[in-house]
There are 2 protein chains.
Amino acid sequence: MGRAPSIDDDVLLGHLAEVFRQAGYEGASLTALSSASGLHRASLYHRFPTGKPGMAAAVLDSVEQAFGAILDPLTAEDDPSAAVREMARRVGAFYADGRLACVLDTMTLSGAPDEIKVRAAGLATTWLSAMAGVARRAGATEPDAARRARAALVRIEGSLVVTRVLADPAEFQLALAELPAILIPSDPGR
Amino acid sequence: MGRAPSIDDDVLLGHLAEVFRQAGYEGASLTALSSASGLHRASLYHRFPTGKPGMAAAVLDSVEQAFGAILDPLTAEDDPSAAVREMARRVGAFYADGRLACVLDTMTLSGAPDEIKVRAAGLATTWLSAMAGVARRAGATEPDAARRARAALVRIEGSLVVTRVLADPAEFQLALAELPAILIPSDPGR
DNA sequence: GTCTATAATATGATAGAC
DNA sequence: GTCTATCATATTATAGAC
């Protein structure tokens, strides 16, 4: 809120986010955050006076903002199937085709501050609502739409874990391809 | 291999495993491992001369052993559907109804030694093979059985993440309930 | 086999020069 | 706004008493 962030801030947050996503909250050491961002530790504290929790919160802010753009097609595109396909495309880009983990996964392990966990839960809820919305627009009843949205989130998060464990992005790609069939009642599936 | 472990070793490994599962490899500090196990840090080093990597490897050993028992019904039980239902019951117990995370997820983040990641991948492969086996016995073609096994693993891992993020075990319970429909071609589903 | 004590290093964080 | 230098603490790990 307030002023628009400078491009530098966005780039910085991108670097920080990558560390938090790959290492989790505790694994994201100041040294790792420093070398990934190119800023020395003291400079990070200048930008984030509340330290590591502040950096994590800012990362979640930036992820929330990124998801604004990712979920935009779900309301902007008229055809529900096309909307989901475009969201899937943007989700694939955000997760670098499965090479990057999800903050919902890595930042909610024990060791993360409660505030971070609460924000992560909020992010998940936003995502679920948007996906349930498009399912509802496609004709699903409200409980069915909610069920479909949760199934889609489970599918994405699970495929990211399996992709990381097996070091094989195929499962993530498959999950993206099946999102329309999961979310849209009338979709013919794959 | 070699001698059978004493009950004390099993209890100790259970405590260590809980920390690694909830905090990830880097988040599992010696202090946390010490207080969870009741042993002082030096005593842990006596048991595991190679330190934290050795503890993590031993935890993966014990998880591998636990999965031997979890997957046993898949070959011991004649009826494929009943076999999967029994596996699902045991999986539910192992993950404490969704309250405990999966080592495949938490121990494969950046920061874990490569040896740990390799062992985790092996564990996942063992699990996938066992599930593909029961699907094949139930009449699935080989590629379909492999696909079903991966879908089941994705579903379990994803539901564990979503359950943790939303602090709601319902999604994990639902995943367990749907395992027969995912793995068994002729299963009527829910 | 477990403990107390301690070492060496890494971590989160701050002060102050430029 | 970024840097060097530094602090207090937590971390992994070892030595040696019991």
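So you know, we letter chains A, B, ... as the sequences are listed, proteins then strands, and number each from 1. No hydrogens, no waters, no symmetry mates; every other heavy atom, side chains included, goes into these values.
By the 4.0 Å N-to-carboxylate-O rule, D168(B) lies close enough to R150(A) to be salt-bridged with it. E86(B) has a carboxylate O that lies under 4.0 Å from a charged side-chain N of R89(B), or vice versa, which qualifies the two as a salt bridge.
Residue pairs that meet the salt bridge (Lys or Arg N to Asp or Glu O under 4.0 Å) test with at least one member in residues 93-108 of chain A, sequence neighbours left out, are D105(A)-R164(A), D105(A)-R164(B).
Looking at L160(B) and E157(A), their side chains never come closer than 4.5 Å, going by heavy atoms from C-beta outward. Contact annotation: the side chain of T108(A) never approaches that of Y25(A) to less than 4.5 Å [non-hydrogen atoms, C-beta and beyond]. W127(A) is not listed as a side-chain neighbour of L74(A), based on a closest heavy-atom distance of 4.5 Å or more.
Tested against R119(B), the residues D114(B), D61(B), V63(B) include a single side chain to side chain contact (heavy atoms under 4.5 Å, CB included) partner, D61(B).
Scanning DNA chain C 5' to 3' for nucleotides with an atom closer than 4.0 angstrom to a non-hydrogen atom of chain B gives a first and last hit of dG1(C) to dT4(C).
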So if I define the base as every atom that isn't primed, P, OP1 or OP2, how would nucleotides 8-13 of chain D read as a B/S/- string at a heavy-atom cutoff under 4.0 Å? ---SBB
